2 protein chains.
Amino acid sequence: MQKQPTIRDVAQVAGVSVAVVSRVLNPGSGPVAEATRGRVNDVMKNLGYHPRTAARELKFGPPTTLGLLLADVSNPFFARLADRVVQEAHARGIQVLLMTTQEDDQLESERLATLIERRVSGIIATPTGNNLAIWKQLQDLGTDVVFVDRSIPSLPEVDVVSIDNFESARSATALLAAHGHRRIGIISGPAASSTGRDRIAGYRQALETAGLEQDELLIRHAAFRGSAGGDAASALLSIEEPPTALVVANTAQVTEVLRRLSHAGIDIPGTLSVIVFEDSPWTELMTPALTIVRQPIDLLARHSVQLALSNTQGKTSGEPKIIRVAAELVERSSVARVHFTK
Amino acid sequence: MQKQPTIRDVAQVAGVSVAVVSRVLNPGSGPVAEATRGRVNDVMKNLGYHPRTAARELKFGPPTTLGLLLADVSNPFFARLADRVVQEAHARGIQVLLMTTQEDDQLESERLATLIERRVSGIIATPTGNNLAIWKQLQDLGTDVVFVDRSIPSLPEVDVVSIDNFESARSATALLAAHGHRRIGIISGPAASSTGRDRIAGYRQALETAGLEQDELLIRHAAFRGSAGGDAASALLSIEEPPTALVVANTAQVTEVLRRLSHAGIDIPGTLSVIVFEDSPWTELMTPALTIVRQPIDLLARHSVQLALSNTQGKTSGEPKIIRVAAELVERSSVARVHFTK
DNA sequence: ACATAAAAGTGTACCGGTTCCACTTATTTT
DNA sequence: AAAATAAGTGGAACCGGTACACTTTTATGT
């Protein structure tokens, strides 16, 4: 455990002033003779000198750190998003501070306070839907805020990157209708979430286009966390005229719903056709292989990082940007054709 | 976009000196009159003042940030580990800087350089196995380094937290032997990895105890990334006397191996019994439900964070700590009893 | 009432970089 | 050869907090 050398140590050993060392450290900030540069570099190597980021950040706000505030990294969707965001950021020389909210307002506000104190240049987040004042404050402070996957309607001035939830749910539902299903259930996110609402809207649109009756009993909202998804599935199956097809549009609850269906001994797709919003590799391994809505996580990540750094990079456009990317419907074997027996 | 208030602005508006404001900010660092404290707090709120972490960190090395350097967060095991580590750290008021190496030496060394410059107090990492000099340097600098899940034999002085790989593989193999299997294959991590070696060793031990012949053809190493796992599976199945049971001990390659088995039309467990090192929820959803070795990720995370902060917290013990936690063998339906037909 | 101790508050050096400006020396221009 | 210009370097202020040494105010004891 040695004491760390500072720029002054380097300067002294190299026999130059700190200003020169600083110029060697930041090429382009001023002239340095070739010979001097070499000597200083050698000394830095010998001493094991590394400039402290903290000192550097003191002078300017650091465009070198991004906050990534997710609900929960154990959810594969967020995990992959985190992975891509980190890669994208690293490619730009940016570091990522990872925080989780567990969908908890209180935790979210604490994490945001920390991010403010760190003066991060941008934040990519899946907001809980509360803490409006803090989000506003962040923006006033000049932090680039980007909501990914979800949005908060009462904060229309924030950039948003997400899949086209309406269209995804619409096409999934339309596929089921095209296979002859007339009773199509849907489990989506909380009614309060933009994601949940948009998906339900797409679902309704598809039913309407197909000329199918809408039954509120077939629409269920499930919270992001906990076993709400399972309960919703059980409820759907126990109604008088149960669905013959199901769209599981609450990404966070997919495994929970499937577990419940499996335990209930439901035959897929014999008794129930299923389409899920989930693109992990295991959906292909199941019997039957699941028909899924695949979210282009790479694109979400790339756009998010880009937006989160855009203002910093000079592009201070006024209008908030809403980027919607298309999701892909991957047909496998969990959707069956229904024969009109009744 | 307003300019940020500093501690001096607060002091001036509140009509006190900066020292008093600093004391209000750090309770316990000195006496402040109740009335003054209230006034200062009000001013801070009104001005929207937030102390800058960077300035604080300049004075002392920050025990407020941890580096988490993982191979790849899209792997569910690492994702869950990240999730828990972040939670544990947050519970202690510590932030986590997430970085990924993609198993690439070069990237790893760049990330480590960044972590050095940030003067993080601790690093939790899944090392690639190279960059020995940098790891050494980190330790000399007083950074608490903890390897999780893997270790580097040539760096024996680094703390390690992992499951008991030997025992896990031994018990999984023993279970198969107890079910009458005599040709048991294993796919494990690279021969160069500690994880891979330990698991193979446990496997051998189990075979020996059961009095079974060891056949090198039944032992396959697969790289962490790419489709090496699938190739290993194919190779295993095409040998002259193929195995009737398989232990997939390369966590990173489980889905790849299963996909290959599925495409090959292998009946599980009829033709091949399978035990995998993987504890994601989906392993229960498959048909048949998979018998798995469950890694206690919560414990791994808790111990890692604790070790990564231990030196900072004063406990400068000399000996490197090796913490091995027991993994749990969860029996489901992918292992069948073999009847001695030959 | 007066000494004395405790509480409250102030001034300022310091952490480790960056950068502006002044200064010296070498090179080019006319 | 004198003057103008450019290249290389050094000194010191500054960023925004923290903490030590010190002064002033208030409370306590006899």
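Worth saying up front: this structure is predicted, and the values here are computed from it rather than measured. The basis for the numbers below is simple: all heavy atoms, side chains too, and nothing from hydrogens, waters or symmetry mates. All chains are named by letter (A, B, ...) in the order of the sequence lines, taking the proteins before the strands, and each is independently numbered beginning at 1.
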With B:Ala54, which residues qualify under side-chain contact (heavy atoms from CB on, under 4.5 Å), at least two apart?
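So B:Ala54 forms a side-chain contact (heavy atoms from CB on, under 4.5 Å) with A:Glu57, B:Arg52.
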Apply side-chain contact (heavy atoms from CB on, under 4.5 Å) to A:Ile297 and list each qualifying residue two or more places apart in sequence or on a separate chain.
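With sequence neighbours excluded, A:Ile297 shows a side-chain contact (heavy atoms from CB on, under 4.5 Å) to A:Phe77, A:Arg80, A:Leu81, A:Arg84, A:Asp279, A:Gln295, given in chain and number order.
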Can you tell me if A:Gln12 has over 12 outside heavy atoms packed within less than 6.0 Å of its CD?
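Not more than 12 within 6.0 Å, no.
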Could you tell me how far apart [X] ([atom1]) and [N] ([atom2]) are, to the nearest whole angstrom?
X: B:Phe60; N: C:dG16; atom1: CZ; atom2: C1'; value: 14 Å
X: A:Arg56; N: C:dT18; atom1: CZ; atom2: P; value: 5 Å
X: B:Glu117; N: C:dG16; atom1: CD; atom2: P; value: 15 Å

More 5' along DNA chain C: B:Arg23 or B:Ala55, using each one's nearest nucleotide?
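Comparing both residues, the 5'-ward one is B:Arg23.
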Once side chain to side chain donor-acceptor pair (under 3.5 Å) is applied, do any residues pair with A:Thr126, and if so which ones, sequence neighbours excluded?
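So A:Thr126 forms no side chain to side chain donor-acceptor pair (under 3.5 Å) with any residue.
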Would you mind checking if [Y] and [X] are paired as a salt bridge, meaning a charged N to carboxylate O distance below 4.0 Å?
X: A:Glu88; Y: A:Arg302; answer: yes
X: B:Glu157; Y: B:Lys321; answer: no
X: A:Glu108; Y: A:Arg111; answer: no

Chain A footprint on DNA chain D, 5' to 3' - any atom under 4.0 Å from a heavy atom
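Nucleotide range in contact with chain A: D:dG8 to D:dG16.
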Proximal nucleotide (of C:dC14, C:dG9, C:dT18) relative to the B:Lys59 side chain:
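For the B:Lys59 side chain, the nearest candidate turns out to be C:dC14.
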Nucleotide of C:dT10, C:dT19, C:dG17 approaching B:Ala19 most closely (side-chain heavy atoms):
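Side chain of B:Ala19 sits closest to C:dT10.
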Can you list, in residue-number order, the parts of residues 32-40 of chain A that come under 4.0 Å of DNA chain D, counting heavy atoms only?
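By residue number: A:Val32, A:Ala33, A:Thr36.
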Under 4.0 Å from any atom of DNA chain D, heavy atoms only: list the residues of residues 6-17 of chain A that qualify, in numerical order.
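Hits under 4.0 Å, by residue number: A:Gly15, A:Val16, A:Ser17.
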About how many Å separate CG of B:Leu138 and CG of B:Leu141, when rounded to the nearest 0.5 Å?
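These two atoms lie 7.0 Å from each other.
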Between B:Arg119 and B:Phe60, is NZ or CZ placed under 6.0 angstrom from the six-membered ring centre and within 45° of the ring axis?
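Negative - B:Arg119 is either too far from the ring of B:Phe60 or too far off its axis.
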